[in-house]
Amino acid sequence: MTNWLPDHPDFRSDIRAAIDMADPDDCIDKLSAIAQYNLGFLEIIQLERALGRATTGNNNSHPMVRLAILASSTVDQLLPAIRVAGLRRNTLFDVYIGQYGQYRQELLDSTSPLHDYNPDFVLFSLTAHEAIAGIPLNSTDREIDALI
């Protein structure tokens, strides 16, 4: 939660005004200003959708980070929050979400879409079971380090 941020006085009007802007950079600047407020889940989704419309097919002047998320569980619900968090810092995120539970295959296969995407950063979201799979409970610290 971002309860320390002020509540937005008129979220819907500001979103509409941002969407109506002709210049994508001006729209993104307006959306970035809206992102500085305390937003609920639905407002974050609406803001992220407006951002998606503003950035589709445009080469804008805002920095773009290519983030790949590889996971052993569903992570699609994280995308709006990640993109809005970036927007709060005037950074745009282009996010690639790997196939469900296929993070190992995508990493090891040099012809996978992940390698074509060529991310700047990779975020691993693994369940505890996946993170320590194959490590015997009686392993020493040295053995664990070697396995990891």
Side-chain angles (χ1 to χ4, degrees), residues 1-135 137 144-145 147-148:
M1 301 306 291
T2 55
N3 295 334
W4 64 90
L5 295 174
D7 291 330
H8 197 288
D10 195 359
F11 178 81
R12 290 181 193 269
S13 290
D14 270 2
I15 284 287
R16 274 190 235 108
I19 291 170
D20 291 340
M21 293 181 158
D23 183 346
D25 282 330
D26 290 342
C27 177
I28 293 169
D29 288 340
K30 178 73 170 173
L31 294 174
S32 180
I34 295 168
Q36 304 309 312
Y37 288 91
N38 182 27
L39 304 173
F41 180 70
L42 293 177
E43 292 167 325
I44 288 172
I45 290 172
Q46 291 170 344
L47 183 58
E48 192 268 337
R49 285 183 182 161
L51 178 61
R53 286 193 292 270
T55 57
T56 300
N58 294 310
N59 293 327
N60 52 61
S61 62
H62 294 78
M64 178 69 76
V65 173
R66 296 170 59 80
L67 173 67
I69 303 175
L70 302 178
S72 60
S73 60
T74 302
V75 293
D76 295 314
Q77 75 279 6
L78 301 177
L79 181 59
I82 289 170
R83 293 192 70 209
V84 169
L87 188 59
R88 282 188 171 129
R89 289 152 186 87
N90 292 314
T91 301
L92 303 177
F93 278 95
D94 179 29
V95 181
Y96 168 86
I97 296 178
Q99 300 261 339
Y100 179 84
Q102 300 295 310
Y103 63 93
R104 285 186 186 103
Q105 293 85 338
E106 292 211 43
L107 283 169
L108 297 173
D109 180 2
S110 61
T111 63
S112 73
L114 171 67
H115 290 271
D116 290 339
Y117 181 69
N118 193 25
D120 299 315
F121 299 97
V122 177
L123 171 65
F124 291 93
S125 177
L126 307 177
T127 63
H129 175 65
E130 288 286 328
I132 61 171
I135 299 176
L137 291 176
I144 292 171
D145 288 342
L147 289 168
I148 291 175

Nearest heavy atoms of Val65 and Phe121, plus distance in Å: CG1-CD1, 3.6 Å

Separation of Ile82 CD1 from Leu123 CG (nearest 0.5 Å): 6.0 Å

Reported NE2-to-CZ distance for the pair His62 and Arg89, which is rounded to 0.5 angstrom: 15.0 Å

Approximate separation, where rounding is to 0.5 Å, of Tyr100 OH and Asp76 CG: 11.0 Å

For the student: nearest non-hydrogen atoms of Leu114 and Tyr96, plus distance: N-OH, 3.6 Å

Rounded distance [0.5 Å steps], CZ in Arg49 versus CG in Leu51: 13.0 Å

Side-chain donor-acceptor pairs of residues 14-21 under 3.5 Å, sequence neighbours excluded:
residue	atom	partner	partner atom	Å
Asp14	OD1	Lys30	NZ	3.4
Asp14	OD2	His8	NE2	2.9

Asp23 CG to Ser61 OG distance, which is reported to the nearest 0.5 Å: 8.0 Å

Listed once per pair and sorted, the salt bridge (charged side-chain N to carboxylate O under 4.0 Å, His left out) pairs that draw on residues 99-120, sequence neighbours left out: Arg104-Glu130

Atom of Val95, atom of Arg83 and distance for their closest heavy-atom approach: CG2-CG, 4.4 Å

Closest heavy-atom pair and its distance - Ala54, Leu31: CB-CD1, 4.4 Å

Main-chain N/O of Tyr37 paired to Arg88 side chain as donor or acceptor, under 3.5 Å: yes

Neighbour count above 12 (heavy atom, 6.0 Å) for Gln36 CD: yes

Separation of Ile44 CD1 from Leu79 CG (nearest 0.5 Å): 12.0 Å

Heavy-atom closest pair, residues Leu70 and Gly98: CD2-CA, 4.1 Å

Non-hydrogen atoms of Ser72 and Tyr103 that approach each other most closely: CB-CE2, 3.9 Å

